[in-house]
Number of protein chains: 2
Amino acid sequence: MPALSASSVFPPSGSADSAAAPGEAGPAFSPLYRQIKDLLTRSLQGGEWKPGEAIPSEMELAARYKVSQGTVRKAVDELATENLLVRRQGKGTFVATHAEEQTQYRFLRLTPDEGASGGMQRRLLDCRRMRAAADVARALGLKSGDPVIFVRRLLLGDGQPVVLDDIFLPGALFKGLTAERMGGYRGPMYRLFESEFGVRMIRAEEKIRALAADEVQAAALQVAPGAPLLSVERLSLTYGDRPVELRRGLYRTDRHHYRNELM
Amino acid sequence: MPALSASSVFPPSGSADSAAAPGEAGPAFSPLYRQIKDLLTRSLQGGEWKPGEAIPSEMELAARYKVSQGTVRKAVDELATENLLVRRQGKGTFVATHAEEQTQYRFLRLTPDEGASGGMQRRLLDCRRMRAAADVARALGLKSGDPVIFVRRLLLGDGQPVVLDDIFLPGALFKGLTAERMGGYRGPMYRLFESEFGVRMIRAEEKIRALAADEVQAAALQVAPGAPLLSVERLSLTYGDRPVELRRGLYRTDRHHYRNELM
DNA sequence: GAGTGGTCTAGACCACCAC
DNA sequence: TGGTGGTCTAGACCACTCA
């Protein structure tokens with residue numbers, strides 16, 4: 001007899017239609033393992049377990065939620081395939097983190113046309129507080145004029161500029177982020193966000209276009225004005241699909257390409 | 001006592017290292033459900049069950065392979081998440097197909113900047129047999145000069161040209177594909193490939209770049225020469241990761257964008 | 001050896017669908 | 001009403017890690 005049951009959150013569809021108005025589909029049924037998954041997600045979101053830490057063992061979780069180990073397992077399985085958790089046989093299950101990824105840039109899909117993807121150099125061009133323009137505010141779920149932190153930086157491969165990024169961060173979440181703090185930091189930016197500000201990027205959505213470089217962009221990337229560039233607008237989301245970063249990247253694609261896999 | 005066991009394919013790591021040379025990792029262990037998955041994949045590849053058809057029930061498969069239903073379930077689960085199979089509660093498990101997708105173009109990531117993604121019009125510009133150039137042959141795993149079918153077509157949204165596709169298909173797989181056959185066909189191209197030639201696209205890899213339109217491309221897409229276009233080179237693969245289509249697309253991105261989700 | 005996740009089983013019951 | 005996939009359980013054993 002589990003403490004949680006299908007009816008504890010959503011009544012089985014056999015009983016009265018209850019809250020669901022006719023015509024509305026409504027969540028007819030929520031299996032136990034999905035309720036467990038939601039509870040785990042909430043604990044992650046609330047910071048009960050921090051990135052890199054181990055969560056309780058399957059047996060402990062099963063005892064806590066009064067369900068069988070198999071049910072916990074299915075919940076953890078789904079969170080693992082969503083990259084929120086990482087399972088390590090013999091050791092435990094850990095909160096995913098950007099800190100220990102062998103792939104330097106998990107979200108950067110740009111790949112050299114030939115040769116291995118050597119790490120890129122960074123050059124910080126700008127970093128300051130400003131007020132969000134309308135489009136930036138809308139993307140980040142803020143109000144126009146809300147404080148945001150603006151970062152402009154360059155990525156170089158083999159000494160050649162390849163990526164020009166404009167990054168917008170909600171000021172409220174990244175208090176105290178300064179040019180000095182960013183410039184002195186080695187390693188991926190998302191690692192800094194995670195360790196210093198407790199903001200973990202879970203997933204991201206990108207909109208990709210081709211456009212012609214203007215004078216400023218051309219100068220920064222060392223191409224001719226009007227040269228075609230890949231424009232990649234990325235919205236990064238954290239737990240609960242809350243947007244926490246807007247990134248507008250311009251990629252040179254004469255020696256690199258954006259790789260994607262469709263399944 | 002299952003007919004298949006871990007040791008039936010790969011010896012458990014406890015036994016002698018056998019074939020694996022020292023230093024080579026080698027597949028140390030293959031669980032039962034993965035062996036079942038491989039057998040199912042082989043049956044799909046061999047055409048034992050055709051796209052759209054139902055495969056045997058979990059109970060039948062469990063009996064056939066002499067394992068428990070749970071083991072079959074795990075194998076089928078993985079094939080379902082890879083989009084090779086589709087489960088339908090109460091009905092059965094079916095071989096995935098492009099024939100019944102509500103999304104008209106499963107692999108086309110181009111989306112209107114605003115408004116719903118209305119279906120696009122097609123216009124066939126060219127379709128003929130030719131010999132594979134070196135780069136095309138290499139991508140498709142053919143030899144230079146092998147016969148290929150070349151298709152050039154245009155996609156229009158709201159009457160405006162949006163996509164210019166150059167498509168290369170191995171001649172050996174698509175015997176009898178003519179301009180008439182293609183021109184008269186309504187519905188996605190991959191549906192035609194599947195129903196007429198038994199070639200099912202499973203997944204694809206894309207390389208994306210920005211480039212400037214040349215005269216021919218500009219004329220076809222009704223943009224100025226030199227205008228920035230998105231270049232999308234897609235290699236489509238079928239069972240066993242065998243390449244079966246090379247597609248070079250040029251996308252206008254002034255009113256559309258390529259959307260992508262990173263996880 | 002103790003503790004973790006990983007696999008496999010057997011059986012029960014539920015939700016959905018078709019006849 | 002019977003068959004399908006979906007959920008949940010309990011227990012056994014295996015593989016891996018670490019003290």
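The sequence lines fix the lettering, A, B, ..., with proteins before strands; numbering per chain opens at 1.
One finds no side-chain N or O of S57(B) lying less than 4.0 angstrom from the OP1 or OP2 phosphate oxygen of dG3(D). Using a 4.0 Å cut-off, no side-chain N or O of S68(A) falls inside it from OP1 or OP2 of dC8(D). Remark: K74(A) is in phosphate contact with dT7(D), judged by side-chain N or O atoms under 4.0 Å from OP1 or OP2. A sub-4.0 Å separation between OP1 or OP2 of dT9(D) and a side-chain N or O of T71(A) is present.
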Nucleotide N/O of nucleotides 17-19 of chain D paired with protein N/O under 3.5 Å:
unit_1: dC18(D); atom_1: OP1; unit_2: K91(A); atom_2: NZ; d: 3.4

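V76(B) has its side chain out of reach of K37(B): every pair of non-hydrogen atoms, C-beta onward, lies at least 4.5 Å apart.
R73(A) comes within 4.0 angstrom of a nucleotide base, judged by non-hydrogen atoms across all strands.
Per the geometry, CD belonging to E78(A) stands 12 Å off C1' belonging to dG6(D), to the nearest Å. Residue L32(A) contributes atom CG, which lies 4 Å from atom P of dC8(D) at whole-angstrom precision.
Stem regions annotated for DNA chain C: C:1-18 with D:1-18, counting only runs of 3 or more consecutive pairs of Watson-Crick or G-U type with both contacts under 3.5 Å.
Aromatic ring pairs are classed by plane angle as parallel below 30°, tilted from 30° to 60° and perpendicular above 60°; the pair F193(B) and F174(B) is perpendicular.
When distances run from any side-chain atom of T93(A) to the nucleotides dG5(C), dT7(C), dC8(D), the shortest one goes to dG5(C).
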